[in-house]
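Report on the structure given below.
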Protein chains: 2
Amino acid sequence: MESHDKPDARSALLSAALRVIRTQGYSATSVDTLCRAAGVTKGAFFHHFASKEALAVAAAQHWAITTDAFFAAAPYHAHPDALDRVLGYIDFRRAILQGELPDYTCLVGTMVQETYATAPAIRDACAASITGHAARVEADIAAAMADRGLRPGWTARSLALHTQAVLQGAFILAKATGDVTVAADSIGHLRRYVELLFSQDDAAADHTPERRS
Amino acid sequence: MESHDKPDARSALLSAALRVIRTQGYSATSVDTLCRAAGVTKGAFFHHFASKEALAVAAAQHWAITTDAFFAAAPYHAHPDALDRVLGYIDFRRAILQGELPDYTCLVGTMVQETYATAPAIRDACAASITGHAARVEADIAAAMADRGLRPGWTARSLALHTQAVLQGAFILAKATGDVTVAADSIGHLRRYVELLFSQDDAAADHTPERRS
DNA sequence: AAGACTATACCGACCGGTTGGTATGTCGGT
DNA sequence: ACCGACATACCAACCGGTCGGTATAGTCTT
């Protein structure tokens with residue numbers, strides 16, 4: 001029984017971190033700023049987290065848990081066909097691009113850029129969040145492949161990771177241009193790609209398998 | 001040509017910025033760190049740049065110029081066919097994923113994540129770099145579309161921006177996992193997508209034959 | 001049942017070091 | 001003599017982190 005209680009300050013800091021770090025980035029966000037945003041004192045911060053880095057790791061794990069629950073509750077899982085679930089996931093990702101940028105961009109994608117070389121603990125927590133989410137997508141892709149007897153030169157895992165790459169890149173473009181439709185269009189290209197891959201089943205039974213190291 | 005000499009400290013700071021910011025991010029990089037890496041003093045820094053933010057803007061512009069020259073000199077431009085140039089560009093992007101992460105990742109993609117909401121000048125400089133690069137790719141895509149009389153539901157511009165999204169996302173995944181092959185695989189998916197888009201003329205129902213010269 | 005002890009949650013003044021930025025001076029070239 | 005290109009010393013604000021203290025609730029002892 002480690003945590004059946006929910007201390008207020010801790011979760012307030014965590015949700016403040018999600019908001020502030022997605023707006024300003026990790027390094028530019030000071031502990032004092034976080035405390036002010038969460039409405040708690042510095043003493044409370046260092047009572048719950050050993051360091052700023054520990055907060056970042058906890059925030060990445062918190063992000064993984066909440067997004068996992070968010071996508072698990074999404075309606076696209078209801079489709080009986082696996083490919084429909086994959087396409088439904090992509091449509092869902094495009095549909096939730098609403099509100100301000102910090103509302104729909106990715107916490108771990110933002111943090112890992114700043115910390116991959118200097119804070120391995122944060123990097124690993126971010127990587128776990130991304131690959132964990134990709135694994136859910138991979139399951140539906142693999143099922144869709146099995147349904148259609150596809151034997152392509154690519155794997156379900158690499159396509160699942162590709163969907164995450166497109167999403168992360170779409171966020172960067174949206175941040176740079178200030179235009180959400182750029183991100184939506186990129187996700188649209190991703191959808192078309194998946195459609196094309198899975199509409200090949202009659203023509204491309206023997207597509208040349210790529211040799212890869 | 002010695003009349004247009006470049007001051008040593010300025011270019012030293014600029015190339016140091018490219019290296020250090022791609023490793024640590026913008027906010028985590030202090031002016032002192034930059035000066036130490038460039039082998040110059042703080043006085044030199046503020047002689048050439050009005051502020052840290054001004055250095056970031058100059059670095060983004062310097063990045064746009066150097067990468068533009070780098071890709072302009074790349075061999076894929078020699079292809080007479082426009083689609084071959086597009087695919088050659090993608091192959092080239094995959095081929096240059098060598099060395100350490102800071103050697104091939106994107107400066108402006110890293111910076112814009114940290115500054116899009118707090119430093120409009122930096123964000124705009126990053127956006128100009130990305131869209132400027134995308135415009136070069138767009139030209140070849142548009143030519144390839146014209147060559148084949150393609151009239152798809154997507155534009156050359158959106159596909160060009162999609163290539164940049166994939167690349168930026170691939171960098172994030174590589175940083176998170178520490179595995180370059182993840183990025184290479186994602187670029188591989190991008191290549192396959194472009195191939196599929198342009199090989200649709202045999203299978204597509206809504207394609208207009210023998211039109212457009 | 002009263003008092004003593006303990007654990008958790010939180011407070012906020014405080015610390016040494018670092019931050020971006022400035023003020024002033026030096027020096028070689030023209 | 002003067003200007004651009006640096007160098008050095010310095011500053012107030014801010015940084016992550018520490019520390020002694022308080023409030024409250026539960027548990028143990030008597």
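These values consider heavy atoms only, across backbone and side chains, with no hydrogens, waters or symmetry-generated copies. Chain A is the first sequence line, chain B the second, and so forth, proteins listed ahead of strands; every chain is numbered from 1.
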In whole angstroms, the gap separating P of dG16(D) from NE2 of His47(A) amounts to 20 Å
Tell me whether Arg22(A) is salt-bridged to Asp103(A), with the criterion being a basic N under 4.0 Å from an acidic carboxylate O. no
How far does CD1 of Ile21(A) sit from CD of Glu114(A), to the nearest 0.5 angstrom? 8.5 Å
Is any side-chain N or O of His48(B) closer than 4.0 Å to OP1 or OP2 of dA5(D)? no
Write down the distance between CZ (Phe45(B)) and C1' (dG21(C)), rounded to a whole number of angstrom. 10 Å
Contact check, side chains of Val112(A) and Ile122(A), non-hydrogen atoms, under 4.5 Å: no
Contact under 4.0 Å: Thr41(B) side-chain N or O vs dC6(D) OP1/OP2: no
Remember a base hit wins even if backbone is also touched, and classify Lys52(B) as base, sugar-phosphate or nothing at under 4.0 Å, heavy atoms. sugar-phosphate
In whole Å, I'd like the distance from the CG atom of Asp32(B) to the P atom of dC15(D). 16 Å
Whole-Å distance between dT19(C) P and Glu53(B) CD? 18 Å
In whole angstroms, the gap separating P of dA5(D) from CG of Asp8(B) amounts to 12 Å
Within the 4.0 Å heavy-atom criterion, would you say Thr29(A) contacts the bases, only the backbone, or no part of the nucleic acid? sugar-phosphate
In terms of side-chain heavy atoms of Ser51(A), which of dG21(C), dG17(D), dC6(D) is nearest? dG17(D)
Quick one: do Asp81(B) and Arg148(B) satisfy salt bridge (charged side-chain N to carboxylate O under 4.0 Å, His left out)? Show the steps, please. CA-CA 11 Å; Asp81(B) 183 63; Arg148(B) 284 158 180 76; 3.4 Å; yes
Send over the distance from Phe46(A) CZ to dT8(C) P, rounded to a whole Å. 20 Å
In whole Å, what is the span from the NZ atom of Lys42(B) to the C1' atom of dA5(D)? 18 Å
With nearest nucleotide decided by heavy atoms, which residue, Arg36(A) or Val40(B), maps closer to the 5′ end of DNA chain D? Val40(B)
Honestly, is Lys52(B) close enough over Phe46(B), meaning NZ or CZ under 6.0 Å from the six-membered ring centre and within 45° of the axis? no
Rounded to the nearest angstrom, tell me the gap between atom CG in Leu34(A) and atom P in dG17(D). 12 Å
